[in-house]
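Everything on this sheet refers to the single structure shown next.
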Protein chains: 2
Amino acid sequence: MGRPKTFDEDAVLDRAIEQFWTTGYHAVSVRDLETGTGVLKGSLYAAFGDKRALFLASLRRYADQSAVQIRELLSHGANPRAGLEHYLRVRGKGCTGPGRTRGCLLANTAAEVAPHDPEVRAVVGQSFAKLAAALEPAIVEAQEQGLLSRRHDAHELAAHLVVLVQGMSVVGKTEPDSALVRSSLRFALSLLENDAPEKSR
Amino acid sequence: MGRPKTFDEDAVLDRAIEQFWTTGYHAVSVRDLETGTGVLKGSLYAAFGDKRALFLASLRRYADQSAVQIRELLSHGANPRAGLEHYLRVRGKGCTGPGRTRGCLLANTAAEVAPHDPEVRAVVGQSFAKLAAALEPAIVEAQEQGLLSRRHDAHELAAHLVVLVQGMSVVGKTEPDSALVRSSLRFALSLLENDAPEKSR
DNA sequence: TCGTTATTTGAACGAGCGTCCAAGAACGCG
DNA sequence: CGCGTTCTTGGACGCTCGTTCAAATAACGA
């Protein structure tokens, strides 16, 4: 059987996620990852391949985790509309405030790495698409239940919210507590208000 | 007095902007800048200081240029509402399509560098704030002229559009022609319609 | 107990990084 | 024509990068 592993790969990935998230791909060195994960580089290379492969594994794990979180957030509250609102609020709070200037790893990666690495690009792009695909049915349901105005096309609104959330995470990186993020969040929440309902059927 | 400079600093900055824009700060080496600008490193160091200072100068120039462009785009068309629409369309087209996956230098920098460099952060943050400050009066005027619904708060809408545009430039980096960007753009345009917007698609 | 096998360890490697600087080259002026 | 001044040129420096690998280590079955 040989000598047993002294670390859990997923736990290492969680640590690596933290580093890539707060510092970025290029700015994190393998030495940094060594100290950050507590695993010496030889073992990192044996377990994951190289720096890029470790990053890809971290990114995929982060994407999976965030996909799960989306479902949780959307199912919060009494109805689909409350879930949407909750999702937006959490995402908004997540990128304002002290220590919250690292944004979202997917957005950071889209900006820094995606154009130069097809595999990375695919992971990030699919994540964004999945997010939109998760938001859209919630919007449709909310509209069907008369909780959300039908003024807006559900598909477009879903895409809009995806783009908006990524924008918040980017703009939020320029200030510990960004007024722009807060205002845009308030605006987005106002979009979800059922202010001009036609006769519900 | 002395040997004359063989290059124009602003022209060099324009070249440097291109490189930082398409490749990112950390991924561009001083050697790359040497070949990209056509100026040997010794002269670059003499003229600008070091890599970070050159980046900062490029970033400030980019920010200035984009502030000018905003005013131009907003004044396009017959009225403030047409200017806003034009601005959104141009920004949307600018980050979809082949060869358009480099987004916006300000957004890229917000994601990659801003959290780790206060001076950079200030430049980017102020740029975003200026953009919002340029959009808001256009929105107010459009509302006063009855061209744009008063349903939305002008200040919040301005912030919303800033964040949205940054989001488009980030999401657009994951695909040459992003359906998400196109949809969110269509949605944003529908927000600018005066009364009950039709459900396009 | 010993041999097998898988993992850990950290020294070592070449390449490339950002930066510096001494020498040469091109001007204006006396 | 020198002379002073400024900019250019490209080699060199020290360092850190990502990566490799042989030796040391630890668990297993026999």
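To find a chain, count down the sequence lines: A is the first, B the second, and so on, and within it residues start at 1. Treat the numbers as computed from the prediction; the structure is a model and nothing was measured.
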> Distance under 6.0 Å and angle within 45° of the ring axis: does A/K51 meet both against A/Y45?
Replying inline: no
> Given B/L185, which of B/L88, B/V165, B/L164, B/T96 fulfils the side-chain contact (heavy atoms from CB on, under 4.5 Å) condition?
Replying inline: B/L88
> Just how far, in rounded Å, is C1' of C/dC21 from CG of B/L44?
Replying inline: 16 Å
>> Nearest heavy atom decides the nucleotide; on that basis, is B/M1 or A/P4 closer to the 5' end of DNA chain C?
In response: A/P4
>> What I want to check is whether an N or O donor and acceptor connect the side chain of A/R3 with the base of D/dT25 at under 3.5 Å.
In response: yes
> Has A/S43 got a side-chain N or O lying under 4.0 Å from the OP1 or OP2 atom of C/dT8?
Replying inline: yes
> Atom CG of A/D8 and atom C1' of C/dT7: how far apart are they, to the nearest Å?
Replying inline: 15 Å
>> Under 4.0 Å, heavy atom to any atom of DNA chain D: which of residues 28-41 of chain B qualify?
In response: B/R31, B/L40, B/K41
>> Need to verify one output field. Residue with the more 5' nearest nucleotide on DNA chain D, B/A46 or A/H26?
In response: B/A46
> Does the side chain of A/N79 come under 3.5 Å of the side chain of A/E141 through a donor N or O and an acceptor N or O?
Replying inline: no
> Salt bridge or not for A/R52 and A/E119, using N-O below 4.0 Å?
Replying inline: yes
> Looking at the side chain of A/Y45, which of D/dT8, D/dT20, C/dG18 is the nearest nucleotide?
Replying inline: D/dT20
> How close or far is atom P of D/dT20 from atom CZ of A/F48, stated in whole angstroms?
Replying inline: 16 Å
>> Taking B/R100 first and then B/D177, would you say they form a salt bridge - that is, a charged N and a carboxylate O separated by under 4.0 Å?
In response: no
>> Any residue in residues 51-61 of chain B with a heavy atom nearer than 4.0 angstrom to DNA chain D? Just list them by number, or reply none.
In response: none
> Where is the tightest heavy-atom contact between B/V163 and A/S184, given as atom of each residue plus distance?
Replying inline: CG2-OG, 3.5 Å
> A/F20 vs A/F55 aromatic rings, parallel, tilted or perpendicular, using cut-offs 30° and 60°?
Replying inline: perpendicular
> Under 4.0 Å between a Lys/Arg side-chain N and an Asp/Glu carboxylate O for B/R150 and B/E144?
Replying inline: no
